[in-house]
Undergrad: 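Have a look at this one.
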Number of protein chains: 2
Amino acid sequence: MKGLMSLATRSSRTESRPALSRDRVLRAAIELADEGGIGAVTMRRLAESLGAEAMSLYHHVANKEQVLDGVVDVIATEINEVVGRITLPTRGAAWQSAARERILTARRLLLRHRWAPSVFESRTTTSPAVLLYYDGLIGIMRDGGFSNDLAHRAMHALGSRALGFSQELFTPGDGPATGEPDPVMASMAARLPHLVGMLAEVMHDDPDSTLGWCDDQAEFEFGLDLLLDGLDRRR
Amino acid sequence: MKGLMSLATRSSRTESRPALSRDRVLRAAIELADEGGIGAVTMRRLAESLGAEAMSLYHHVANKEQVLDGVVDVIATEINEVVGRITLPTRGAAWQSAARERILTARRLLLRHRWAPSVFESRTTTSPAVLLYYDGLIGIMRDGGFSNDLAHRAMHALGSRALGFSQELFTPGDGPATGEPDPVMASMAARLPHLVGMLAEVMHDDPDSTLGWCDDQAEFEFGLDLLLDGLDRRR
DNA sequence: ACCTGAACACCGTTCAAGT
DNA sequence: ACCTGAACACCGTTCAAGT
């Protein structure tokens, strides 16, 4: 009797929603963030998306911080799986293309989640999967002949670029190219001659550019190569 | 009679607390953040520190986002005042030392507020003072012979480094050098041979280093010079 | 072991009311 | 014009109670 009851209970729950688990919580959090940004991830809405009550989550994660830690770890694990399949020589001068490929691959995966960079940055304790990713990158540099000291400085110099993202400096909204003369823009141009002149020319040369201030692929690669070239020279 | 009353009211308020103003609100927010981190800055506590009610703040700032925008602008204005007094040649090859000095000066001021980098990064609309700072840096590059296109790429490559800060990658907590053998550390070493080996050597060479993962001055300058050298070569 | 409802201590912000 | 108290719609999290 008791067995039948619990069986019925379990199966009725399974129909509407499988049992909660840490993994299901983390994946639901990623889905929620993909849909509505990281701000959409609240314990209450997360639970709701899983067909449960907010308090039920606390049986699988200690608190919200741990949800974010876990989300980072899930994504970094995915990155590790893909970069782990890269087979490229790493010895000597080959280190640079290997590192470049590893970083650009991480970038491709990371940017599937536009909210992810800021969450990666906000973590104070580093996820094991991120450490594993760094370990592989350091290994490539060591193969290339880097001393531990240079590898250390290199990791620092790369910063978040090691994982494939870089900060947006700013988004100037509507730039100087919006047809009719804008008085706000005009007074800005007077105070910011170099900035406005630069943006005007960049816009003119490439009207499709997003004013060049977003984390554009070409810009990312320019900065990355600047660093990798410099590191190779100090090798 | 009415005049006397209002005079009395004003003077009695002045004794305990001068009238609120946007500027006083922003300065109180900076003070609060300096004391307890940016998390300590809530509208309620901000008002309390000014001897007012939370709702009174809304007569001087539109909302909390605007408080943070204003805080960034106040700090960037302070930076502009100091870097504006730098008198260093900027023509030709001299651009590099001028840019370096400007950036390291900004860094000195910015790091008086340890919470500031993350707030600078979190702003979506850029403060006029930050734009003015960028404009000056672009001007230095143009004096150095940069095309607008290269200056644009350079600003991108520098990212937050243009303002004097770079991300902490992670803080590995207690590193491998803590005397007694730690089982957690041992299993980590097995999985992360390059990372642990690197940190062990860096620690050994410089026991005072903060495990090298904080935004250390020497590390910042290494990364900055790597970028400035590379940009000079592409000039 | 897992899940839940009610409650607590906070948030930012709106509104109507005061001077 | 400036300031305020009460209230609203949210948060994350604790607790005691359910199965």
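First the proteins, then the strands, lettered A, B, ... as listed; each starts at 1.
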Undergrad: Could you pull out all residues at least two apart from A:Arg153 that satisfy salt bridge (Lys or Arg N to Asp or Glu O under 4.0 Å)?
TA: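 Partners of A:Arg153 under the salt bridge (Lys or Arg N to Asp or Glu O under 4.0 Å) test: A:Asp149.
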Undergrad: Out of C:dG12, D:dC11, D:dG5, which has the shortest distance to the side chain of A:Arg44?
TA: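 Of C:dG12, D:dC11, D:dG5, D:dC11 is nearest to the side chain of A:Arg44.
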Undergrad: Restricting to pairs with a member in residues 111-122 of chain A, which pass side chain to side chain donor-acceptor pair (under 3.5 Å), not counting sequence neighbours?
TA: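 Pairs touching residues 111-122 of chain A that pass the test: A:Asp34-A:His113, A:Asp34-A:Trp115, A:Glu78-A:Arg112, A:Glu121-B:Gln167.
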Undergrad: Give the table of side-chain donor-acceptor pairs shorter than 3.5 Å for residues 49-61 of chain A, with sequence neighbours excluded, one pair per line with atom names and distance.
TA:
residue : atom : partner : partner atom : Å
A:Ser49 : OG   : A:Leu46 : O            : 2.9
A:Ser56 : OG   : A:Glu53 : O            : 3.4
A:His60 : NE2  : A:Leu20 : O            : 3.4

Undergrad: Please tabulate, for side-chain N and O atoms in residues 63-70 of chain A, each donor-acceptor pair with protein atoms closer than 3.5 Å (sequence neighbours left out).
TA:
residue : atom : partner  : partner atom : Å
A:Asn63 : OD1  : A:Glu65  : N            : 3.2
A:Asn63 : OD1  : A:Gln66  : N            : 3.0
A:Lys64 : NZ   : A:Val41  : O            : 3.0
A:Glu65 : OE1  : A:Arg123 : NH1          : 3.3
A:Gln66 : OE1  : A:Ala62  : N            : 3.1
A:Asp69 : OD1  : A:Arg123 : NH1          : 2.9

Undergrad: Provide, to the nearest angstrom, the distance between the CG atom belonging to A:Leu50 and the P atom belonging to C:dC2.
TA: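 Value for this atom pair: 15 Å.
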Undergrad: Starting at CE of A:Met43 and ending at P of D:dT13, how long is that distance when rounded to a whole Å?
TA: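 Going from A:Met43 (CE) to D:dT13 (P), I get 6 Å.
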Undergrad: Please report the distance, rounded to the nearest Å, between CE in B:Met55 and P in D:dC8.
TA: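 Nearest whole value for this atom pair: 14 Å.
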Undergrad: At a heavy-atom distance below 4.0 Å, what parts of residues 56-66 of chain A sit against DNA chain C?
TA: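 Contacting residues: A:Ser56, A:His59, A:His60.
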Undergrad: Restricting to salt bridge (Lys or Arg N to Asp or Glu O under 4.0 Å), what partner residues turn up for B:Arg27, sequence neighbours left out?
TA: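 In terms of salt bridge (Lys or Arg N to Asp or Glu O under 4.0 Å), with neighbours along the sequence ignored, B:Arg27 is linked to B:Asp23.
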Undergrad: Dot-bracket notation for DNA chain C is requested: 5' to 3', Watson-Crick or G-U wobble pairs only, both distances under 3.5 Å, with ( ), [ ], | and . as defined.
TA: ||.|||||...|||||.||
Undergrad: To the nearest Å, how far apart are B:Leu46 CG and D:dC3 P?
TA: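 After rounding, the gap between these two atoms is 13 Å.
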Undergrad: I need the CZ-C1' distance between A:Arg22 and C:dC2, as an integer number of Å.
TA: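 Between C1' of C:dC2 and CZ of A:Arg22: 18 Å.
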Undergrad: Output all residues satisfying side chain to side chain donor-acceptor pair (under 3.5 Å) with A:Glu221, sequence neighbours left out; order by chain, then residue number.
TA: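 So A:Glu221 forms a side chain to side chain donor-acceptor pair (under 3.5 Å) with A:Arg100, A:Gln217.
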Undergrad: Please state how far atom CD in A:Glu53 lies from atom P in D:dT19, giving the value in whole angstrom units.
TA: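 It works out to 15 Å between those atoms.
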Undergrad: For a quick test of reading the model: is some side-chain N or O of A:Arg45 closer than 4.0 Å to OP1 or OP2 of D:dC10?
TA: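 Checking A:Arg45 against D:dC10: no side-chain N or O falls below 4.0 Å of OP1 or OP2.
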Undergrad: Is the backbone N or O of B:Leu163 less than 3.5 Å from a side-chain atom of B:Arg102, with the two atoms forming a donor-acceptor pair by type?
TA: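 Here the side-chain-to-backbone pair does not exist.
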Undergrad: Rounded to the nearest angstrom, tell me the gap between atom CD in A:Glu48 and atom C1' in D:dC10.
TA: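 To the nearest whole Å, that distance equals 13 Å.
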Undergrad: Could you state the interatomic distance from CG (B:Asp73) to CZ (B:Phe120), rounded to the nearest 0.5 Å?
TA: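 Answer rounded to 0.5 Å: 8.5 Å.
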Undergrad: Could you pull out all residues at least two apart from B:Ala151 that satisfy side-chain contact (heavy atoms from CB on, under 4.5 Å)?
TA: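 Result, side-chain contact (heavy atoms from CB on, under 4.5 Å) vs B:Ala151: A:Met198, B:Ile138, B:Met141, B:Phe146.
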